Amino acid sequence: MNNSAPPGVPVVDVDPYSDAFLADPYPAHRQLRDAGPVVWIPKYGVYAAARHETVRAVFADHGTFISSAGVGLANFNKEEPFRPRSVILEADPPDHTRARAVLARILSPKAMMQMRETFQQEADALLDRFVEKAASAGTVDAVADLAEPYPLKVFPDAVGLEGAGRENLLLYGDMIFNSFGPRNERLAKSAERVKPVTEWIMNHCQRAQLRPGGFGDQIYQAADAGEITQAEAPMLVRSFLSAGVDTTINGLGNALLCLAREPEQYEKLRADLSLARSAFEESLRFESTVQTFFRTTSRATELEGAQLPVDSKIVCFLAAANRDERQWQEPDRFDITRRAAGHMAFGSGIHGCVGQVVARLEGELILSGLAKRVKRLEIAGEATRRPNNTLRALGSLPLRLVPA
Ligand code: OVV
């Protein structure tokens with residue numbers, strides 16, 4: 001690691017993986033944005049982009065800022081990836097293009113319209129239980145009782161996972177998102193916890209474990225058709241299992257937290273349920289589930305006046321871009337009526353989240369179904385965070401519900 005600051009690039013001496021940073025990242029995000037469009041973080045020897053315009057520019061130039069050297073801190077040109085690289089996340093065109101086309105078709109808006117009815121029924125059933133539990137027990141945990149069980153039901157069902165053990169996906173997701181950061185204690189602990197379930201995960205990427213017609217099986221059909229190789233098929237199922245659960249759980253959890261903290265905003269949603277989608281979008285902007293992703297330079301390049309050598313790592317602060325006052329009016333205000341489109345929570349460009357239509361569907365159905373049933377969300381205890389190197393994750397969110 002080269003930790004000396006390159007000439008002309010402002011140094012910001014923060015540790016984005018410290019407990020303090022993760023507990024409240026926003027002051028440090030401001031510091032990173034204000035120091036310059038491209039800054040240097042000495043502790044990890046990496047460049048950083050935290051302004052909206054810069055993050056967008058990095059994601060737009062996927063030929064210069066590549067993904068195949070890893071989208072976390074580790075540089076795969078210098079160290080072996082800890083697991084075989086993702087054939088979509090950690091790939092560049094043309095390999096990436098083929099894999100992306102397959103997943104984009106499986107998760108197309110049209111495919112989502114066909115899933116909608118099922119996702120709606122599951123949301124309604126779960127929300128009924130959620131409200132009943134609040135009535136009988138007095139309080140509920142919006143994480144354990146709602147944000148977690150919903151994605152854990154609908155997404156593995158859609159992928160076609162059958163039988164027991166899907167809660168293993170929680171440990172796996174936590175570890176994967178820790179692995180994009182440094183090899184710290186946080187990663188070591190989650191890697192230890194995931195050990196007993198790794199075999200289950202890999203086994204459930206196999207065709208025999210996947211219900212015919214589900215998202216997983218559709219990947220194998222694409223391999224049969226020659227669009228991707230047979231070896232890539234289980235790897236793409238692995239991508240679904242890595243990226244499809246922990247992300248939406250915390251996206252929902254953060255949205256519920258935002259609405260519980262801002263009763264006026266919740267009132268607005270109750271008055272107009274068609275705001276559910278924009279409420280979810282605004283909560284993604286306001287508390288971005290995925291905080292950071294890296295790119296690596298494939299050549300020496302200039303970025304907003306900074307000279308970056310070949311094979312440099314640059315960390316893009318999606319969450320900081322989403323509160324950049326150069327882009328947003330009153331960025332620190334949670335406002336479900338704002339146009340949050342253009343936020344970076346799903347990234348942008350060719351690697352922009354391929355599952356965003358699924359995430360949005362889940363967000364819409366849970367928020368509108370909740371607002372239909374519950375008049376007021378009352379915070380019944382302190383929400384806790386579950387620190388992760390990449391995710392803005394919740395541990396618990398105790399609520400009392402005033403029924404409608
Ligand atoms: C977007 C994302 C996160 C984590 C894992 C993967 C993708 C993957 O492709 O494995």
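Atoms within each ligand, like the ligands themselves, are counted from 1 in listed order. The shown structure was predicted, so the numbers you read here are calculated from the model rather than taken from an experiment.
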note = Quick note on ligand 1: atoms under 4.0 Å from a heavy atom of Phe177 include exactly 3 (C), 4 (C)
message = Is it the case that atom CD in Glu80 sees more than 12 heavy atoms from other parts of the structure closer than 6.0 Å?
response = no
remark   = atom 10 (O) of ligand 1: closest protein heavy atom, distance to 0.1 Å, is Arg83 NH2, 2.8 Å
ask   = Does Leu397 offer a backbone N or O that forms a donor-acceptor pair with the side chain of Asp141 under 3.5 Å?
value = yes
Part of Ser86 within contact of ligand 1 (heavy atoms, under 4.0 Å) = side chain
ask   = Nearest heavy atom to atom 7 (C) of ligand 1: which of Leu89, Leu103, Val290, Ile176 does it belong to?
value = Leu89
ask   = What's the shortest distance from atom 5 (C) of ligand 1 to any protein heavy atom, and which residue and atom give it?
value = Ser242 CB, 3.5 Å
Contact atoms of ligand 1, heavy-atom distance to Ser239 under 4.0 Å = 8 (C), 9 (O), 10 (O)
inquiry  = In terms of relative ring orientation, are Phe240 and Phe215 parallel, tilted or perpendicular, with 30° and 60° separating the classes?
reply    = tilted
key: Proximity of Phe293 and Phe180 rings by center, below 6.0 Å   = yes
query = Should Arg360 and Glu281 count as side-chain neighbours, where that means a heavy-atom distance under 4.5 Å?
reply = yes
query = Tell me, which protein residue and heavy-atom name are nearest atom 2 (C) of ligand 1, and how many Å apart are they?
reply = Ala243 CB, 3.4 Å
request  = Could you tell me whether ligand 1 has any atom less than 4.0 Å away from a heavy atom of Arg85?
outcome  = no
message = Among Val87, Leu89, Ile66, Ile88, exactly one meets side chain to side chain contact (heavy atoms under 4.5 Å, CB included) together with His96. Which residue is that?
response = Ile88
